[in-house]
Amino acid sequence: MNKKTSKPTLTRRASLAAIASTVVLIALAAPAASFAEEKSIKVGIMSGEDEDVWRVVTAEAAKKGLTIETIVFNDYTQPNEALERGEIDANAFQHKPYLDNQIAQHGYHIVPVGYTGVWPIGLYSKKHKAVAEISDGATIGVPNDPSNEGRALRVLQNEGIIKLKDGTGILATVTDITENPKNVEIKELDAGVVGRAIDDLDAAVVNTDWALKAGLSASDRIAQEPIADNPYRNFIAVKQGSENEAWVKTLVSSYQNDAVKSEFDKVYKGTGLSAY
């Protein structure tokens, strides 16, 4: 009798033990899944208007369990170096020609993971209302970093101010100029300086974000690059090897949404366009 009654008792105990083990396994597994979603990262951005945009991105990410700390830079050369060294987890400030040039120069292991916006580079002037008014011997400023200088020279070529040698790519320099009918002087300046030097120049090709910082407006812009098939879309970038991690997808989706687009449009007032 005792043996017969002991079997069910052992079975119940075994069942309870099995259930308890299952509960323990589930309890142990649950924090792991939660931890994968709840992550803190550092993202390098440029100072200025983008700080307002990224406040909205940060709020959107927080809803998805991703905490973003933005690290603000004032120099284009710093965010990639910081990302390569592991001081930040991602950055968002550059286009592909710029990154390609940085990789060629420094051997960075950085890849784009999601587009943000495009800022058509423009030719600005405080002295002339049209390109045709630019006189012989005029001085025109251009940004001196490789990718943006080539971009600026292409704008001048499109407007008939200069001609670049055939086959010149997007990394053109002043040495690639083959025709200069107005004998203009091309003054190479830091991207952050060229817009602020506008009063001392006849005209200047200025990146849109720096144009805003320099107080230039659409009324000062006398030409700009085409938007169609523009290779200069900016993007979020991460260290190679991280691109398929879950937090990266969350980061990209936290940028590519209507709430961020609305803030982007408000901040950039039509000078920048969403590129996703």
Side-chain angles (χ1 to χ4, degrees), residues 39-55 57-58 61 66-121 142-152 169-173 188-195 205-213 230-245 247-252 254-256 260 264 268 272 275-276:
K39 183 176 176 63
S40 297
I41 62 168
K42 295 179 179 180
V43 179
I45 64 171
M46 299 304 294
S47 63
E49 292 76 14
D50 233 22
E51 293 178 74
D52 293 330
V53 175
W54 276 87
R55 273 190 276 274
V57 179
T58 298
L66 181 65
T67 300
I68 297 175
E69 178 187 354
T70 53
I71 307 300
V72 180
F73 294 93
N74 295 298
D75 184 331
Y76 281 149
T77 64
Q78 296 174 349
N80 280 335
E81 185 65 26
L83 180 56
E84 183 71 17
R85 289 197 302 257
E87 295 171 359
I88 57 177
D89 302 285
N91 65 38
F93 77 103
Q94 64 192 322
H95 48 62
K96 193 66 164 53
Y98 182 82
L99 177 59
D100 288 346
N101 181 261
Q102 289 277 290
I103 290 172
Q105 284 190 0
H106 305 287
Y108 292 146
H109 304 85
I110 296 173
V111 294
V113 292
Y115 288 114
T116 54
V118 59
W119 290 261
I121 200 168
V142 298
N144 64 3
D145 58 283
S147 60
N148 283 312
E149 180 171 7
R151 187 179 183 184
I170 56 178
L171 298 180
T173 69
E188 299 166 291
L189 299 167
D190 182 89
V193 173
V194 64
V205 185
V206 189
N207 294 75
T208 302
D209 53 342
W210 286 115
L212 289 172
K213 292 178 178 67
N230 194 304
Y232 296 101
R233 288 179 291 174
N234 281 25
F235 48 74
I236 297 168
V238 300
K239 193 81 175 286
Q240 190 173 14
S242 301
E243 59 266 40
N244 295 318
E245 292 188 19
W247 67 264
V248 174
K249 294 180 177 62
T250 302
L251 174 60
V252 172
S254 296
Y255 193 106
Q256 296 179 351
V260 173
F264 184 100
Y268 286 106
Y276 48 87

Query raised in the report: How long is the gap from CZ on Arg151 to CG on Asp145, to the nearest 0.5 Å?
Result: 10.0 Å
Query raised in the report: Backbone N or O of Asp89 within a donor-acceptor pair of the Lys239 side chain at under 3.5 Å?
Result: no
Query raised in the report: For Thr58 and Thr70, which heavy atoms make the closest approach, and how far apart are they?
Result: OG1-CG2, 4.3 Å
Report task. Quick one: closest heavy-atom pair of Val205 and Pro143, and the distance? Result -> O-CD, 3.2 Å
Query raised in the report: Thinking salt bridges, do Arg55 and Glu51 make one under a 4.0 Å N-O criterion?
Result: no
Query raised in the report: Got Thr116 and Phe264 here, is their nearest side-chain heavy-atom distance under 4.5 Å?
Result: no
Report task. May I ask you to decide if Ser40's main-chain N or O and Glu69's side chain share a donor-acceptor pair within less than 3.5 Å? Result -> no
Query raised in the report: Are the side chains of Arg233 and His95 in touch, meaning some heavy atoms are under 4.5 Å apart?
Result: no
Query raised in the report: Going from CG on Leu251 to NZ on Lys39, what distance comes out if it is rounded to the nearest 0.5 angstrom?
Result: 11.5 Å
Report task. Compare every heavy atom of Ala90 with every heavy atom of Leu83, then report the nearest pair and how far apart it is. Result -> CD1-N, 3.7 Å
Report task. Please confirm whether the backbone N or O of Gly241 pairs with a side-chain atom of Glu243, one donor and one acceptor, at under 3.5 Å? Result -> yes
Query raised in the report: To the nearest 0.5 Å, how far apart are CG in Leu212 and CG in Asp50?
Result: 11.0 Å
Query raised in the report: Where is the tightest heavy-atom contact between Asn91 and Val43, given as atom of each residue plus distance?
Result: CA-CG1, 4.2 Å
Report task. Mind checking ring pair (Phe, Tyr, Trp, His ring centres under 6.0 Å) for Trp54 and listing every partner two or more places apart, or none if nothing turns up? Result -> Tyr255
Report task. Drop me the distance from Trp247's CH2 to Thr67's OG1, to the nearest 0.5 angstrom. Result -> 13.0 Å
Requested in this report: Would you confirm whether Lys213, through its side chain, and Ser47, through its main-chain N or O, come within 3.5 Å as a donor-acceptor pair?
Outcome: yes
Query - Minimum-distance pair of heavy atoms, taken over all atoms of Val248 and Ser242 - result: CG2-O, 3.1 Å
**Report entry** CG-CD distance between Asn80 and Gln94, expressed to the nearest 0.5 angstrom
**Finding:** 4.0 Å
Requested in this report: Carefully, step by step, assess Leu99 and Phe235 under the rule side chain to side chain contact (heavy atoms under 4.5 Å, CB included).
Outcome: CA-CA 10 Å; Leu99 177 59; Phe235 48 74; 3.8 Å; yes
Report task. With rounding to the nearest 0.5 Å, note down the distance linking CG in Asn234 to CH2 in Trp119. Result -> 4.5 Å
Report summary line: For Tyr232, the side-chain hydrogen bond (donor to acceptor under 3.5 Å, both in side chains) test, sequence neighbours excluded, returns none
Report summary line: In short, Glu84 meets Tyr108 closest at the heavy-atom pair OE1-CA, 3.4 Å
Query raised in the report: Counting only N and O atoms by type, is there a donor-acceptor contact under 3.5 Å from the side chain of Tyr98 to the main-chain atoms of Tyr76?
Result: yes
